[in-house]
Amino acid sequence: MRLLLKWLLSAASLLFVAYIYSGVEVKSFTSALIAAFVIGLFNVVLRPVLVVLTLPVTIVTVGLFLFVINALMFWAAASVLDGFHVAGFGAAMLGSLIYSVLGVIIESALGGLFAKK
């Protein structure tokens, strides 16, 4: 139940990102659901590999390169989907930053909602 709720809220937050930032476009809620799934899939499969491969750069930049990796995952998801479009790398950077902040808020809210007793 928690995973399904997180997926729905992530899709809603992707629509919110598209609403407040013109560099990100989402055509419909269905497109947002698919895009949230693909972003999540990329973050589970590709992100750990990229983090390991770019570890020296991440250490030198004191972790700031992880923002670039997040933007690449966001941009990659937009490049493989039809209903989700990102204007460029700068738009992916800002869009992924907003989406990540919303994701932290969602995770925090769900942690309180589904707290184990």
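All values below come from the heavy atoms of this structure, side chains included, with hydrogens, waters and symmetry mates left out. Just so you know, these numbers come straight off a predicted model, no measurement behind them.
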Hey, any chance [X] and [Y] share a hydrophobic cluster, counting ILVMFWY side chains that come within less than 4.5 Å of each other, even indirectly?
X	Y	result
Phe42	Leu3	no
Val68	Val62	no
Met93	Tyr21	yes
Val52	Val44	no
Ile98	Ile106	no

Checklist entry - Between the side chains of Ser13 and Ser10, is a donor N or O closer than 3.5 angstrom to an acceptor N or O? => result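 Not at all, the side chains of Ser13 and Ser10 share no donor-acceptor pair under 3.5 Å.
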
Item to check | Working for side chain to side chain contact (heavy atoms under 4.5 Å, CB included), residues Thr58 and Val51 | outcome: CA-CA 8 Å; Thr58 303; Val51 168; 5.7 Å; no

Item to check | N/O donor-acceptor pair under 3.5 Å between Trp7 side chain and Ala36 backbone | outcome: no

Do [X] and [Y] have side chains that approach each other closer than 4.5 Å (heavy atoms only, starting at C-beta)?
X	Y	value
Ile39	Met73	no
Leu72	Arg47	no
Phe74	Asn43	no
Ser100	Asn70	yes
Leu66	Ile69	yes
Leu8	Phe29	yes
Ile20	Phe16	yes

Item to check | Residue pairs fulfilling salt bridge (Lys or Arg N to Asp or Glu O under 4.0 Å) with at least one residue in residues 95-107, sequence neighbours excluded | outcome: Arg2-Glu107, Lys6-Glu107

Inter-residue atom distance [X].[atom1] - [Y].[atom2], 0.5 Å rounding:
X	Y	atom1	atom2	answer
Phe67	Thr61	CZ	OG1	10.0 Å
Phe37	Leu81	CZ	CG	11.0 Å
Leu97	Leu102	CG	CG	10.0 Å
Phe84	Ser28	CZ	OG	12.5 Å
His85	Ser79	NE2	OG	11.0 Å
Leu14	Leu9	CG	CG	12.5 Å

Compare every heavy atom of [Y] with every heavy atom of [X], then report the nearest pair and how far apart it is.
X	Y	answer
Val38	Ala77	CG1-CB, 3.9 Å
Thr54	Leu50	OG1-O, 2.6 Å
Ala71	Ala92	O-CB, 3.7 Å
Val24	Gly95	CG2-CA, 4.2 Å

